[in-house]
Each structure stands twice: as structure tokens, then as C-alpha cells.
S.K.: 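Below is one structure. I have some questions about it.
The chains referred to below are lettered A, B, ... by the order of the sequence lines, with proteins before strands, and numbering in each begins at 1. No experiment lies behind these values; they were computed from the predicted model shown.
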There are 2 protein chains.
Amino acid sequence: MASIKDVAAEAGVSVATVSRVLNGHPSVSEDARRRVTAAVTALGYRPNAVARSLRTDQTRTLGLVISDVLNPYFTELARSVEEEARALGYSVIIGNADERPDLQDHHVRTLLDRRIDGLLVSPTDGGSPGMLDAARAGTPMVFVDRWIPGVDVPVVRADGRSAVRDLVAHLHALGHRRLAIIAGPAATTTGRERVDAFREALAAFGLELPDAYIGQGDFQAESGRRVTEGFLDLPEPPEVVFAADNLMVLGALDAVRARGLRVPDDIALAAFDDIRWFVHTDPPITAIAQPTDELGRAAVRALIDRVEGRTGESVTLPARLVVRRSCGADPASGQNPTAVQRSTS
Amino acid sequence: MASIKDVAAEAGVSVATVSRVLNGHPSVSEDARRRVTAAVTALGYRPNAVARSLRTDQTRTLGLVISDVLNPYFTELARSVEEEARALGYSVIIGNADERPDLQDHHVRTLLDRRIDGLLVSPTDGGSPGMLDAARAGTPMVFVDRWIPGVDVPVVRADGRSAVRDLVAHLHALGHRRLAIIAGPAATTTGRERVDAFREALAAFGLELPDAYIGQGDFQAESGRRVTEGFLDLPEPPEVVFAADNLMVLGALDAVRARGLRVPDDIALAAFDDIRWFVHTDPPITAIAQPTDELGRAAVRALIDRVEGRTGESVTLPARLVVRRSCGADPASGQNPTAVQRSTS
DNA sequence: CCTCCGCGTGGAATCGATTACACGAAGGAT
DNA sequence: ATCCTTCGTGTAATCGATTCCACGCGGAGG
């Protein structure tokens, strides 16, 4: 592969001049510029990004560590992150943590070793050593979706509180009183927050959230199945199961089916995170939709602000309720339209 | 960030010795080794991968350019690729082409600029300039899933031929005679091959595949909807629509629903590529499943073989039919079990 | 006692870029 | 004519690692 020296030789100039032409430096004669560009195309020369990074101490690369690539929510997030980054002249390297803190750390370390300019993380846990080191070392960093309390890093996320209130209002209006939740891991902020928001919303309607109605999941489908089976075994099973992510509701659906029960007639189902497949499930699933695309873009902008020395700020965007048939409403006619409206407030 | 010089100073040895310790070189005294490791931990030193790559001319990184991250098939593929690569000591950088040749080229160029050791591609088209350059330049390369005829690069893929035969046998046994297909882009091998396999299988049962029953899709949901609407407008609409990928069948489902028709009673549906959501759609969708995980791993092994100077060979693995309710069978009881058996041959 | 060998170590070249600095030529001002 | 800019260019240092080569030292063999 041709190097800058080869180009210099071919053009009959020094490497400095070649570099200047490549970087659009003003003080190069028109003649030299022509000869260099000719040599570049003749040799099919492409600058070595590795060498350039070593010298300039910047890679124009962002790292993105997500919790689970197989979760469509994170896939969409990754896509919008890459898009915005590309538009701003950066590349993205994705690390998939599979909800495992050790893997998360592995990726953070690897990315730091490659001297990425900034790091976008959706932490799997409450702060693994590698992550805390990175934050402390001053690597530009932004949390997206999930974050770690007490760590001084901007957070870009959706606030589901009002949407959860809308959901509970919707369920209450349909006559449901015994509502259960499949929570995410307690180590994650989204795992805790969604339970809190749910409990608060219930309280506003004078409803309790008994411990028996809080199932401990891990954001994976299998845990949704397990927890739902537990709910169904209760002397007084819930009328509604709300899953804290889109994968767990799938498991819940499995468990309900396996008992020969019907949704929503025997039990209602809802989920956090809306994905396109929910339109086609049987029945279509009521969900809380995050503005995933905007989240990804905002996170990248905040991170690049930090990378380039500006102050990237935290951003919180509203989530909104999308009513479908899994809770009993007929969305084509009956349900209260104010629910959808209020969620954008 | 601490460099090797700092470590050398801290340990009271030369940088050469530090490097030797770091790389497990034998001829270092026990004493020096101890002092160096102590200095490393004291400073929290991590070698600069950029500098190392520049010197050694290898990045221990693989590039993976996939056609569409939002397609669960490719997400699973990416995951298994990363897993196998990690197990073998390599990192993976993913580029998402979004089925756009220009974006594909952008990613190939960027990856080559970073001097990745090898490239895994599932080409979006029939050979864009960047890709052909890469192949010609001698970059270790392997095609996965799709490939470009005439380019001398190993291919790791699934052969759907026998599974398509099984599918057609299944459909024929259920009494269906008018079978249509939503094809992928003609520029892709999978786009063409699946149509050919379908036509061949039909011929074996004395059935034709009229042009009106071949819809031109682009592997995206929207094209599935459009094509299916065209089928339904035909004077004699098909009894079965077979989509060449999992996204297009979603669009087909939309189109069928929008007309108020039922699956499978009014029209049967099937798809290439099985994904976990198909179990939960209404109705569950009959699909041809690729051994995605094994495909990803085999591709990585073949590529690393090339990278490390061995001869990575092409691999073809069989796909298999997974019967569900979208074609009219009741998989719990009725359908011919030989269909599933034969597909593994 | 001398020579040779091997081991542990350090000095310095190297990878491919960027960039500070110096230098010569040309042109304008005095 | 002399001096000072300005402009275009080249030389060389630098980034952080790896690795070739040489050197000093100690022990073994003659």
C-alpha cells in the first residue's frame, strides 16, 4: 500500500508538501497541488488513519457500548448514533455488552486502548471499574438511555414518567385494578425508574403495588417468561402485566400462551419500548415509545460537543404512550385520546 | 495518559525492556519483570493500540459491512461474528450499509483507511468500485450471506434450495397451487437465488411461476407491502405469498390486513429468514431458518485463516424449513414431518 | 588464563503521518 | 541598491510502540 513518501516521490515534492495538499493547507503553489493530486490518483493513495491518529492524537472515532444488540431498541439507537456521527465526520465503533458487566468492561477497555475520541455508554450495571476509570481519566463521555448516579457525565435519555401515568390511566379506565410489573435489573437506572414511575402512577389512582406484583427480570425474554409464570401461580394473579422492556414482554406472551390464556381477555400486557413488530403480534401490544432516533442524535451531539471542547449538556426527551389491543381497548374507536396527548407534555 | 516511556522511567529500565515484558518475551530477568509490572499497575498504563498498530502493521481488527442493521437477521449475524472474533483475539468494527451501495463504499473505504486486518462483507450490490478495489488490493476478505459472482473471494452462506423445496412441498400438500414470491433486489445474489430456487421447486411439482407472480422488492418492509398490494389487485391473486426476507413479509402482512383479509384462510404467507418474533405474530409465520450463528462463526474463521496466512475456504451450510400456521397447517398435528427432516440433508 | 557463548539490557531505527522551523526567492517600500 | 515581507518549500522532530543490533558480564570449556 502506497505511503505518503511514494506520493512525494511520484510528484517530485517533499512529504510535507503532500501533507499540506492533503489537508487543504493554503500555502501550496497551484503547480505543486496539481502534481500531488495527480500522484495521489495515479497511486490510488489513501492516507493511513493509524499513522495520522498517532501524530494528531485524535481518531475521529466514537465508541458506543450498548447493553444488548439483539434488542431492537438498541439497534435503532446504534443506527441513529452512527448516522449522526457520520454526518459530523466521525466513525462509530459499537461494543455489545450483552447485559454482562464483564463484557462491558472489556469493550470500554478495548475502545480506550484504541484512543477513541469519545465514549457513549448505556451502562449495564452500577459502575464497573473500567467505566469509572474512563470517567475519571477525563475521556469525553456521555450516558445514553441508562446512567450511573453520582458519576459526573451528561445523560441523554427519555423520561417515561408521564407516559407511564398515561398508561396507568388507560388501564384504570378499562377497569383494571391489579397491575403487576416485570422490572429490569436493579443495577440499572431504567430498571429502577420504571418501577418507581409505575408505583407513583398507581398511587395517584389509589392503587398499591404489592411486592408480589413486582417481578425481577433482567431485560431478556426468558426472565419475562419466568416472572409471568410466577404471577400466574399467585392465588390472586394480576389483571395486567407491564414489562419494563420489549424483550421481556415476549417472554410474558409465551408464558400466557403456554397456559392457554388469551390476551387481553384473560390478562392484559403492556411494555416499555415500542418496536415495529408490536403492530404485528397477536394481539398488537400497547407500549411506551421512546424517541429513539432523536435520543441517538442528541447523544452524539452532546458527546462531540465535549470532544471538541464545548460543553455538552444532558438532554431529557419525553416518551409517549401508544395504545394497541393488548390491554383490552379497541384503539380504532373507544379509548381516551387525551392519554396520547398528555404524554407529550 | 501514561506512555511506555513513563513506565520505563518509573521502573528504572529502558523502553525496550518494558516492551519485552509486555509482550511476554523470554529474555527478561525476573527482577526487571517485577519492576515493570509494578510500574504498569502503579501508573494504570495501557499500551496505545494506535502506536502498536503503526509499528506492527496489524490492528487485530476485522471490518464487517452488513446490508441493514435493522434487519434482525443481520443483527444476529453481527453478534455471532463479534463473539467468534473476540474469542480469537480480534475486535470487529461494524459498518451499516442500509442497502445503499454508496454507504457500503463509504464504510469499506473507512475501514481500509484504518488498516483493518480483514474484511467481512455482505454486499448490497453487484460490486461497487470500493469493494472491487479492496478485493484487488489483496485485503483478506470473505463474503457472508451474499456475494459477488466473478470475484475471487471465499463465500460463507446458507443454501436454501432444499428448504425451499420443502416449503413448496408443504404448500402443495396443503392444496395451494398459485404461489407468488416477493423477490429481493436483482443486484444481490440472495435476491436472485431465492427466486430461482422457488421456480425450480415449483417446476418439480409441475407448477409455473408466471411473471405476474414475481414482485420486485428491496428487502425492506415497505416494498413487501407494495408488491403484495399488486398481487391482491391481480384478476387471479396468488394463494400464497413467499417473501424473500423477514422484513418484506411484515409489509405483506400489513397489506393483507389493510384489505381485511385473513392469514392463512384468505391467503398464506411464508418468509426466508426465521426470526424469534415470528413465533408471536398473528398468525405465527412459516419461515426458512438459516444457521445464522454458525454462519457468522464460520465466516470469521475463514477470514482469520486468510489474515494469518492460511487458506480460508468457502462454506455452505443448509437452511431448514420451520412450519408454523401462516400457510394453513396446524403444526401441532397435521403437517408432513418429512418436510422438516429432508431439509437437513 | 584466555576464549567463547549466552543472557539481559539499552540505544536507536522504524512505521506514516503532521508541523515547527529555517531558508531562499521574489517583490515592494524606502 | 538595500532591507523587509511574504510565499512556497524542505528538513527534521515527533507521536508510542516494536525490534534489530551491539555491548557487558559471568560461567563454561579448553
S.K.: Nearest-nucleotide wise, let me know which of A/T56 and A/K5 is further upstream toward the 5' end of DNA chain C.
M.R.: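 Closest to the 5' end, via its nearest nucleotide, is A/K5.
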
S.K.: Which nucleotide, D/dT19, C/dA17, D/dG16, lies nearest any side-chain atom of B/A16?
M.R.: D/dT19

S.K.: Output the rounded distance in Å from CG (A/L54) to P (D/dA13).
M.R.: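 For the pair A/L54 CG and D/dA13 P, the rounded distance is 17 Å.
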
S.K.: If you check the B/S29 side chain, which of C/dA17, C/dT9, D/dG8 turns out closest?
M.R.: C/dT9

S.K.: Tell me the interatomic distance from A/Q58, atom CD, to D/dG16, atom P, rounded to whole angstroms.
M.R.: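 Rounding to the nearest Å, CD of A/Q58 and P of D/dG16 are 15 Å apart.
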
S.K.: For A/S122 and A/S67, does a side-chain donor sit closer than 3.5 Å to a side-chain acceptor?
M.R.: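 The criterion, which ignores hydrogens and geometry beyond distance, is satisfied for A/S67 and A/S122.
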
S.K.: Closer to the 5' end of DNA chain D via nearest nucleotide, is it B/Y45 or A/G12?
M.R.: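 This one resolves to A/G12.
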
S.K.: Round to the nearest Å and state the distance from A/I4 atom CD1 to D/dC15 atom C1'.
M.R.: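 Rounded to the whole Å, the gap is 15 Å.
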
S.K.: Within this structure, what is the CZ-to-C1' distance between A/R114 and D/dA17, rounded to whole angstrom?
M.R.: 15 Å

S.K.: So does B/R20 reach the base of C/dG10 with its side chain, donor to acceptor, closer than 3.5 Å?
M.R.: yes

S.K.: Identify which nucleotide among C/dA17, D/dG16, C/dT18 has an atom closest to any side-chain atom of A/N23, counting heavy atoms from C-beta outward.
M.R.: C/dT18

S.K.: Under 4.0 Å, counting only non-hydrogen atoms across every strand here, what does A/A49 touch: a base, just sugar-phosphate, or nothing?
M.R.: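 No contact.
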
S.K.: I want to verify a distance call: between C/dA17, D/dG8, C/dC15, whose nearest atom is closest to the A/A51 side chain?
M.R.: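 Looking only at side-chain atoms, A/A51 lies closest to C/dA17.
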
S.K.: Counting the atoms with a prime plus P, OP1 and OP2 as sugar-phosphate, which does A/T17 contact under 4.0 Å by heavy atoms, base, sugar-phosphate, or nothing?
M.R.: sugar-phosphate

S.K.: Rounded to the Å, how far apart are B/D6 CG and D/dG16 C1'?
M.R.: 10 Å

S.K.: Going by distance alone, is a donor N or O of one side chain under 3.5 Å from an acceptor N or O of the other, for B/R114 and A/S53?
M.R.: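 No - no donor-acceptor pair under 3.5 Å links their side chains.
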
S.K.: For the pair made of CZ in A/R55 and C1' in D/dG16, what is the distance, rounded to whole Å?
M.R.: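 It is 12 Å, rounded to the nearest whole Å.
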
S.K.: Starting the side chain at C-beta, find the nucleotide from C/dA12, C/dT9, D/dA13 nearest to B/V28.
M.R.: C/dT9

S.K.: Taking NZ, NE, NH1 and NH2 as the nitrogens, is one of them in B/D98 or B/R100 under 4.0 Å from a carboxylate oxygen of the other?
M.R.: no

S.K.: Please state how far atom NE2 in B/H25 lies from atom C1' in C/dC7, giving the value in whole angstrom units.
M.R.: 12 Å

S.K.: Answer with base, sugar-phosphate or nothing: what part of the nucleic acid does A/S3 contact at a heavy-atom distance below 4.0 Å?
M.R.: sugar-phosphate

S.K.: Under a 3.5 Å cutoff, is there a donor and acceptor pairing between the side chains of A/Y73 and A/D68?
M.R.: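 Result is no, nothing qualifies.
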
S.K.: Under a 3.5 Å distance rule, please check whether B/D125 uses its side chain to pair with a backbone N or O of B/P101 as donor and acceptor.
M.R.: no

S.K.: Base, sugar-phosphate or nothing for B/V18? Non-hydrogen atoms, less than 4.0 Å.
M.R.: nothing

S.K.: Just how far, in rounded Å, is P of D/dG16 from CZ of B/R52?
M.R.: 14 Å

S.K.: Among C/dT19, C/dT9, D/dG16, which nucleotide sits nearest the side chain of B/A32?
M.R.: C/dT9

S.K.: Start with the C-alpha gap between A/E84 and A/R79, add the side-chain angles, then the distance that decides, and say whether salt bridge (charged side-chain N to carboxylate O under 4.0 Å, His left out) holds.
M.R.: CA-CA 9 Å; A/E84 184 73 6; A/R79 180 173 188 256; over 6 Å; no

